[in-house]
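Single-structure report; data block below.
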Amino acid sequence: QVQLVESGGGLVQAGGSLRLSCAASGRTFSSYAMGWFRQAPGKEREGVASISVSAGSTAYGDTEKGRFTISRDNAKNTVYLNMNSLKPEDTDVYYCAQTDSKISTRIPSLYVYWGQGTQDTVSS
């Protein structure tokens with residue numbers, strides 16, 4: 001059974017940083033692309049960042065590009081999201097997810113396993 005457990009969310013002031021971690025278990029982590037998504041109440045889930053199996057390919061949303069960095073440590077079965085220069089509009093629930101593919105993608109429907117989500121709040 002695949003499990004994804006996020007940690008590292010919380011409250012931060014505008015301009016600050018957060019680092020999210022997602023620990024995966026249940027199958028061979030290094031064989032699957034990973035992604036981070038965000039979702040606000042009443043809105044669709046949006047792709048924040050994604051990373052291929054070898055970390056050779058990453059992709060970011062337009063609003064996150066240049067501020068957020070996704071990385072992975074296959075030895076620790078963990079994917080990270082470093083978020084810098086945070087803005088109040090970055091306030092959302094952030095989810096970690098795993099595909100059935102090696103290829104990086106920010107399309108939510110291509111992800112098969114999801115974490116429980118972590119609330120990130122950026123105060124002005």
Note to self: Between Ser124 (side chain only) and Pro88 (backbone N and O only), is there a donor and an acceptor less than 3.5 Å apart?
What the structure shows: no
Check: Can Leu4 be reached from Val112 by stepping across I, L, V, M, F, W or Y side chains whose heavy atoms are under 4.5 Å apart?
Finding: yes
Check: Can Leu86 be reached from Trp36 by stepping across I, L, V, M, F, W or Y side chains whose heavy atoms are under 4.5 Å apart?
Finding: yes
Next item on the list: Determine, stepwise, if the pair Arg38 / Asp120 fulfils salt bridge (charged side-chain N to carboxylate O under 4.0 Å, His left out).
Entry: CA-CA 10 Å; Arg38 59 192 291 177; Asp120 295 337; over 6 Å; no
Check: Just how far is it from atom NZ of Lys102 to atom OG of Ser30, taken to the nearest 0.5 Å?
Finding: 7.5 Å
Notebook entry, point to check: With distance as the sole test, does Thr91 use its side chain to make a donor-acceptor pair with the main-chain N or O of Val122 at under 3.5 Å?
Noted result: yes
Checklist line | Main-chain N/O of Tyr94 paired with Asp92 side-chain donor or acceptor, under 3.5 Å | finding: no
Check: Is a side-chain donor or acceptor of Arg72 paired with a backbone partner of Ser52 at a separation under 3.5 angstrom?
Finding: yes
Next item on the list: Apply ring pair (Phe, Tyr, Trp, His ring centres under 6.0 Å) to Tyr111 and Tyr95, showing your working.
Entry: CA-CA 11 Å; Tyr111 284 78; Tyr95 297 87; over 10 Å; no
Next item on the list: Would you please indicate if the ring centroids of Phe37 and Trp114 are separated by under 6.0 Å?
Entry: yes
Notebook entry, point to check: Is the closest side-chain heavy-atom distance between Asn84 and Ser17 below 4.5 Å?
Noted result: yes
Check: Shared ILVMFWY cluster between Phe29 and Ile70, side chains joined below 4.5 angstrom?
Finding: yes
Item checked: Value rounded to 0.5 Å, distance of OG in Ser21 from CG in Asn82 -> 8.5 Å
Margin query: With a sphere of 6.0 Å drawn around CD1 of Ile103, does it hold more than 12 non-hydrogen atoms of other residues, nucleotides or ligands?
Written below: no
Next item on the list: Using modelled atom types only, decide if a donor and an acceptor are shared between the side chain of Asn74 and the backbone of Ser54 within a distance under 3.5 Å.
Entry: no
Next item on the list: Taking the side chain as every heavy atom from C-beta outward, state whether Met83 and Asp90 have any atom pair closer than 4.5 Å.
Entry: no
Next item on the list: Please report the C-alpha distance between Leu110 and Ser101 in whole Å, then the side-chain angles of each, then the deciding distance to 0.1 Å, and finally whether the side-chain contact (heavy atoms from CB on, under 4.5 Å) criterion is met.
Entry: CA-CA 8 Å; Leu110 297 182; Ser101 167; over 6 Å; no
Item checked: CZ on Arg67 to OG1 on Thr69, rounded to 0.5 Å -> 11.0 Å
Item checked: Student check: side-chain heavy atoms of Leu20 and Glu6 closer than 4.5 Å -> no
Note to self: Just verifying a value: how many Å separate Gln1 CD and Tyr113 OH, rounded to the nearest 0.5 Å?
What the structure shows: 9.0 Å
